[in-house]
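Data first, discussion second: the structure below is written as structure tokens.
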Amino acid sequence: MAEENHTMKSEFILTGFTDHPELKTLLFVVFFAIYLITMVGNLGLVIVISKEHHLHTPMYIFLGNLAIVDSCCACAITPKMLGNFISENRMVSLYECMAQFYFLCTVETADCFLLAAMAYDRYVAICSPLQYHTMMSKKLCIQMTTGAFIAGNLHSMIHVGLLFRLAFCGSNHINHFYCDILPLYRLSCVDPYVNELALFIFSGSIQVFTIGNVLISYFYILFTIFKMKSKEGRVKAFSTCAFYFLSVSLFYGSLFFMYIRPNLLEGGNRDIPVAILFTIVVPLLNPFIYSLRNKEIITVLRKVLKKKRSHESWK
């Protein structure tokens, strides 16, 4: 009987946000609109950067990869979530669950390292402009970007691999809108202490390292800004950094609260609003924060729109 109770469950049910049909329709429309805006914003940014050769610099290479990562994050979460709003069948297999978490963990980890790389790039550009091309070469930029994706894959492989040591013998309802490892830990009838420890060590190390890099870089950037003689230049630079730092704070803050807090397996109802921040809100905001505050991107967009209008008027 004990062996039967400890049989690995093959399917789970994603409970999502609500069971009320009228709310499901409203939420479907809202999240579908967010998904479209997120994909258009991020993929549009990737296309602009890839087509304009003068934007093939470290800063824009990082920005383009960040947009790709945000697009991947939206693709990993939203289609399945939207399907669950309009379908009565919210079943997901254990391997589908693992695959979704693997993909999400990979892109979110890569996101952490890309944000740290972008902060370092801005630190070199603002604090050591004369040494920028020496310190921030394209080769180093490509190495840092490649390293971010390799680290993301290795990190997700560790946690997905450790899921195989768990057995699920109780409820098969995942109290979430996507397959995260914390709800799976809560459903396990095997003590997930090793999994929690690995999550704390690896996620904690990655976030402390990348957050530390971001904070140190922005500290020196702000110090340099305050030393500027032009008041208008100070205000403009500080305003731009404030918007960037807002996006970074939302992302790291929600990740830190989600995975590094004490008593990870408690307070499952708080996971959903926090997860919405780093899986849906941040990918939506990033293309606007990083492009609309950027003169070169705006100039390119204006040229594209101008060409389009002239082409239409010619017709």
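Remember, predicted model here, so these are calculated numbers, not experimental data.
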*Would you confirm whether Asn42, through its side chain, and Pro283, through its main-chain N or O, come within 3.5 Å as a donor-acceptor pair?*
yes
*More than 12 foreign heavy atoms under 6.0 Å from OH of Tyr220: is that the case here?*
no
*Backbone N or O of Ile49 within a donor-acceptor pair of the His56 side chain at under 3.5 Å?*
yes
*Rounded to the nearest 0.5 Å, what's the gap from CZ on Phe101 to CG on Leu184? Could you check?*
9.0 Å
_Distance (rounded to the nearest 0.5 Å) between Cys127 SG and Phe219 CZ_ = 10.5 Å
*Looking at side-chain heavy atoms only, is the closest gap between His159 and Leu163 below 4.5 Å?*
no
*If we only count heavy atoms from C-beta on, is the Tyr185 to Leu166 side-chain gap below 4.5 Å?*
yes
*Residue pair Asp180, Tyr259: steps toward the side chain to side chain donor-acceptor pair (under 3.5 Å) verdict*: CA-CA 11 Å; Asp180 192 26; Tyr259 298 111; 2.9 Å; yes
*Over all heavy atoms of both residues, which pair between Val46 and Gly64 is shortest? Give the atoms and the distance, please.*
CG2-O, 3.6 Å
*What heavy-atom pair brings Met144 and Tyr120 nearest, and what distance separates the two atoms?*
CE-CD2, 4.3 Å
*Got a sec, which residues hit side-chain contact (heavy atoms from CB on, under 4.5 Å) with Leu215, two or more places apart in sequence or on another chain?*
Ile211, Phe245
*asked:* Distance check, rounded to the nearest 0.5 Å: Asn89 atom CG versus Ile13 atom CD1?
replied: 8.5 Å
_Gap separating the SG atom of Cys73 from the CD atom of Glu108, nearest 0.5 angstrom_ = 4.0 Å
*Taking the side chain as C-beta and beyond, is there a heavy-atom pair between Ile47 and Lys51 under 4.5 Å?*
yes
*Any sub-3.5 Å donor-acceptor pair from Gln100's side-chain atoms to Cys179's backbone N or O?*
yes
*Please check if the side chain of Ser137 supplies one atom and the backbone of Thr134 the other of a donor-acceptor pair under 3.5 Å.*
no
*Is Phe28 close to Ile86 at the side-chain level, that is, under 4.5 Å between some pair of heavy atoms?*
yes
_Side chain proximity check, Ile174 to Leu187, heavy atoms < 4.5 angstrom_ = yes
_Verdict with supporting geometry, Met118 and Met59, side chain to side chain contact (heavy atoms under 4.5 Å, CB included)_ = CA-CA 7 Å; Met118 289 173 70; Met59 181 178 79; 6.0 Å; no
_Flag side-chain contact, heavy atom, 4.5 Å: Thr210 against Val214_ = no
*Are Val282 and Ile37 co-members of a hydrophobic cluster defined by side-chain heavy atoms under 4.5 Å apart?*
yes
_Are more than 12 heavy atoms, taken from residues, nucleotides or ligands other than Met91, located less than 6.0 Å from that residue's CE atom?_
yes
*So, for His176 and Ala275, which heavy atoms are closest and what is the spacing to 0.1 Å?*
CE1-CB, 3.6 Å
*asked:* Which heavy atom of Met135 sits nearest to which heavy atom of Leu140, and what is that distance?
replied: O-CD2, 3.1 Å
*Backbone of Ile61 reached by a side-chain donor or acceptor of Asn65 within 3.5 Å*: yes
_Exceeds 12 heavy-atom contacts within 6.0 angstrom, atom OH of Tyr132_ = yes
_Arg90 side chain to Thr15 backbone, donor-acceptor under 3.5 Å_ = yes
*asked:* Go through it in stages, so that I can follow the logic: the residues are Asn195 and Ile181, the test is side chain to side chain contact (heavy atoms under 4.5 Å, CB included), and I'd like the CA-CA distance, side-chain angles, deciding distance and then a yes or no.
replied: CA-CA 9 Å; Asn195 301 66; Ile181 52 174; over 6 Å; no
*Check whether any side-chain N or O of Thr78 sits under 3.5 Å from a backbone N or O of Ala74 as a donor-acceptor pair, and report yes or no.*
yes
_Within the supplied structure, the quantity of interest is the number of heavy atoms (other residues, nucleotides, ligands) at a distance under 6.0 Å from His133 NE2; does it exceed 12?_
no
*Is there a donor-acceptor pair closer than 3.5 Å between any side-chain N or O of Ser247 and the backbone N or O of Tyr244?*
no
*Identify whether Leu250 and Leu104 are in the same connected component of the hydrophobic contact network (ILVMFWY, side-chain heavy atoms under 4.5 Å).*
yes
*If you round to the nearest 0.5 Å, how far is CG of Asp121 from SG of Cys141?*
7.5 Å
_Residue Phe257 excluded, over 12 heavy atoms near CZ under 6.0 Å_ = yes
*Which is it for Thr109 and His155 under the side chain to side chain donor-acceptor pair (under 3.5 Å) test, yes or no, and what are the steps along the way?*
CA-CA 7 Å; Thr109 304; His155 187 219; 2.9 Å; yes
*Group every Ile, Leu, Val, Met, Phe, Trp and Tyr by side-chain heavy-atom contacts under 4.5 Å, then state whether Ile77 and Tyr95 land in the same group.*
yes
_Polar side-chain atom of Ser156 near backbone of Asn153 as donor-acceptor pair, under 3.5 Å_ = yes
_Point-to-point distance, once rounded to the nearest 0.5 Å, from CG of Leu199 to CD1 of Ile158_ = 11.0 Å
*asked:* Using the rule given for side chain to side chain contact (heavy atoms under 4.5 Å, CB included), can you reason through Tyr60 versus Leu45, listing the C-alpha separation, both sets of side-chain angles and the distance that settles it, and then say yes or no?
replied: CA-CA 10 Å; Tyr60 292 105; Leu45 193 56; over 6 Å; no
*Would you check if Glu96 and Phe12 make a side-chain contact, meaning some heavy-atom pair closer than 4.5 Å?*
no
_Please find the pair of heavy atoms, one from Tyr252 and one from Ala116, that lie closest to each other, and give the distance._
OH-N, 4.1 Å
*Starting from the C-alpha separation in whole Å, work towards a yes-or-no answer on side chain to side chain contact (heavy atoms under 4.5 Å, CB included) for Cys105 and Met157.*
CA-CA 9 Å; Cys105 182; Met157 285 171 65; over 6 Å; no
*Are Asp271 and Arg186 within salt-bridge range, i.e. N to O under 4.0 Å?*
yes
*Looking at Ala119 and Ser217, what are the two nearest heavy atoms and their distance?*
O-CB, 3.5 Å
*Under a 4.5 Å side-chain heavy-atom rule over Ile, Leu, Val, Met, Phe, Trp and Tyr, are Tyr102 and Tyr178 clustered together?*
yes
*Using the ring pair (Phe, Tyr, Trp, His ring centres under 6.0 Å) rule, take Phe31 and Phe17 through it: C-alpha gap first, then chi angles, then the decisive distance, then the call.*
CA-CA 12 Å; Phe31 283 109; Phe17 294 98; 5.3 Å; yes
_Set of residues satisfying side-chain contact (heavy atoms from CB on, under 4.5 Å) with respect to Val194, sequence neighbours excluded_ = Leu162, Arg165
*Is Ile216 reachable from Leu114 through a run of I, L, V, M, F, W or Y residues, each pair having side-chain heavy atoms under 4.5 Å apart?*
yes
*Is there a ring pair (Phe, Tyr, Trp, His ring centres under 6.0 Å) between Tyr218 and Tyr123 once you walk through the steps?*
CA-CA 7 Å; Tyr218 274 99; Tyr123 155 72; over 10 Å; no
_A side-chain contact here means heavy atoms from C-beta on lying under 4.5 Å apart; do Glu11 and Val92 qualify?_
no
*asked:* Could you check whether atom CZ of Phe149 has more than 12 heavy atoms from other residues, nucleotides or ligands sitting under 6.0 Å from it?
replied: yes
